[in-house]
Amino acid sequence: MRLMKINIKEANDQFIEFELSDANYEFANALRRIIMTSIPIFAIDTVTFYENSSPMFDEYIAHRIGLIPIKTPKNAKEGEEILFHLEAEGPKTVYSSDLISTDQEVVVANQKIPIIKLGENQRLRLDGKAIIGYAKTHAKFQAAYVTYNAKDDKTFSFYVETFGQMKPKDILVKALDILYDQAAEFAKELK
């Protein structure tokens, strides 16, 4: 049995391009699906409004806030909750940078995402609770965009682009760990 090989072509904090060789379509697709749906990621799941005198409904603002990528440390565990607070008064544009976290490691990944524009004397005051989740339950938990192309029946070129929650290499390592654990669990069940 030949071992699969990964050859990293290019990588930075936003994306990683690599070639997977001595593999098959089933493994390549399983890796792609795990990266897209099974990486545990923080996202704001619950928003409590204390004041909203803007022209937008609470639900609309909560939905926008929920889609803001949140940095997720490698050691983050399921069940953890991080609180974010936002307080703003117009006239101003409220950005993702206005969401203040209770944890210095778990912060918004992009500071310049507009949430809402407040007019004169309009106020917004809220708390958001971030939890660990998976993209198979909601897109706000998706860690990366991933594609692959088959060069031949055993060689695949992958492109993984992160939304900022984790570094691409960390996402790849996490996906491979998950795939290994799932295969080990399946083998155990077969016995």
Side-chain angles (χ1 to χ4, degrees), residues 1-45 63-80 82 96 101 103-114 130-191:
M1 182 173 125
R2 297 177 73 179
L3 293 176
M4 287 180 262
K5 296 178 193 130
I6 291 180
N7 180 20
I8 296 174
K9 299 291 187 186
E10 190 174 350
N12 60 33
D13 286 347
Q14 286 299 117
F15 72 91
I16 185 169
E17 286 185 72
F18 63 92
E19 192 170 276
L20 178 66
S21 56
D22 293 327
N24 57 35
Y25 281 97
E26 293 81 6
F27 185 86
N29 195 48
L31 181 59
R32 180 188 68 84
R33 290 178 68 86
I34 285 173
I35 291 171
M36 288 184 64
T37 65
S38 300
I39 304 295
I41 290 295
F42 271 114
I44 295 177
D45 189 56
H63 179 71
R64 286 186 63 83
I65 289 172
L67 293 174
I68 294 171
I70 305 291
K71 287 192 184 237
T72 304
K74 285 191 278 189
N75 60 351
K77 294 181 178 46
E78 227 172 305
E80 284 186 71
I82 306 296
S96 52
S101 174
D103 186 319
Q104 292 179 355
E105 287 186 39
V106 182
V107 295
V108 295
N110 183 330
Q111 303 282 313
K112 299 200 182 278
I113 298 173
I131 63 168
I132 293 283
Y134 301 89
K136 56 186 159 191
T137 60
H138 196 287
K140 66 184 166 189
F141 296 110
Q142 188 171 348
Y145 167 77
V146 58
T147 62
Y148 73 87
N149 293 313
K151 291 180 124 184
D152 57 47
D153 285 345
K154 292 184 177 180
T155 307
F156 303 87
S157 294
F158 275 80
Y159 176 81
V160 179
E161 185 174 337
T162 180
F163 299 121
Q165 298 100 320
M166 297 174 81
K167 292 185 177 179
K169 279 187 183 178
D170 295 340
I171 290 171
L172 180 58
V173 168
K174 189 80 160 170
L176 291 169
D177 287 344
I178 291 167
L179 189 56
Y180 177 82
D181 291 345
Q182 287 178 352
E185 185 65 29
F186 184 68
K188 184 175 149 187
E189 288 296 319
L190 283 175
K191 292 180 181 180

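None of the values given here were measured: they were computed from a predicted structure.
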Between Val106 and Glu80, is a side chain to side chain contact (heavy atoms under 4.5 Å, CB included) present by the stated rule, with each step listed?
-> CA-CA 11 Å; Val106 182; Glu80 284 186 71; 6.0 Å; no
Please round to the nearest 0.5 Å and tell me the distance separating atom NZ of Lys174 and atom CD1 of Ile34.
->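 Between atom NZ of Lys174 and atom CD1 of Ile34 there are 12.0 Å.
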Compare every heavy atom of Val107 with every heavy atom of Ser101, then report the nearest pair and how far apart it is.
->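 Minimum heavy-atom separation between Ser101 and Val107: CB-CG1, 4.1 Å.
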Minimal non-hydrogen separation, Met36 against Gln142, with atom names =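 Heavy atoms of Met36 and Gln142 come nearest at O-CG, 3.5 Å.
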Using a 4.5 Å cut-off on heavy atoms from C-beta on, say whether the side chain of Ile41 contacts that of Phe163.
->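 Counting from C-beta outward, Phe163 and Ile41 never come under 4.5 Å.
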Give the C-alpha distance, both sets of side-chain angles, the deciding distance and a yes or no for side chain to side chain contact (heavy atoms under 4.5 Å, CB included) between Asn24 and Phe27.
-> CA-CA 6 Å; Asn24 57 35; Phe27 185 86; 3.4 Å; yes
Residue pair Val108 / Ile113, side-chain heavy-atom distance below 4.5 Å |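 Val108 vs Ile113: side chains apart.
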Tyr134 versus Phe141, closest heavy-atom pair with distance |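 So the minimum-distance heavy-atom pair works out to C-CB, 3.4 Å.
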For Glu161, all residues meeting salt bridge (Lys or Arg N to Asp or Glu O under 4.0 Å), sequence neighbours excluded |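 Per chain and number, Glu161 pairs via salt bridge (Lys or Arg N to Asp or Glu O under 4.0 Å) with no residue.
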Nearest 0.5 Å please: distance from the NZ atom of Lys167 over to the CG atom of Leu172.
->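 Interatomic distance, Lys167 NZ to Leu172 CG, rounded to 0.5 Å: 14.5 Å.
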What are the two closest heavy atoms between Phe18 and Ile8, and how far apart are they?
->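 Nearest pair, atom of Phe18 first, then Ile8: CB-CA, 3.9 Å.
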Closest heavy-atom contact between Met166 and Ile171?
->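 Minimum heavy-atom separation between Met166 and Ile171: CB-CG1, 3.7 Å.
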Straight-line distance of Asn110 CG to Gln165 CD, nearest 0.5 Å =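 Reported to 0.5 Å precision, the distance equals 11.0 Å.
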Between CZ of Arg33 and CD1 of Ile178, what distance do you get to the nearest 0.5 Å?
->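 Answer for the CZ-CD1 pair, Arg33 versus Ile178, is 14.0 Å.
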So, does Thr155 use its side chain to make a donor-acceptor pair with the main chain of Asp152 at under 3.5 Å?
->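 Checking the backbone N and O of Asp152 against the side chain of Thr155, no donor-acceptor pair under 3.5 Å is found.
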Aromatic plane relationship, Tyr145 with Tyr159 - under 30° parallel, 30 to 60° tilted, over 60° perpendicular =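 The arrangement is perpendicular - the two ring planes meet at more than 60°.
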Ignoring hydrogens and angles, write down the donor-acceptor pairs under 3.5 Å from the side chains of residues 68-77, residues two or more places apart or on other chains.
unit_1: Thr72; atom_1: OG1; unit_2: Phe42; atom_2: N; d: 2.9
unit_1: Thr72; atom_1: OG1; unit_2: Ile70; atom_2: O; d: 3.2
unit_1: Lys77; atom_1: NZ; unit_2: Asn75; atom_2: O; d: 3.4

Between the main-chain N or O of Glu19 and the side-chain N or O of Ser157, is there a donor-acceptor pair closer than 3.5 Å?
->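 Here the side-chain-to-backbone pair does not exist.
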For the side chain to side chain contact (heavy atoms under 4.5 Å, CB included) test, which of Leu20, Asn29, Val160 pairs with Tyr148?
->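 By the side chain to side chain contact (heavy atoms under 4.5 Å, CB included) criterion, Tyr148 pairs with just one of Leu20, Asn29, Val160: Asn29.
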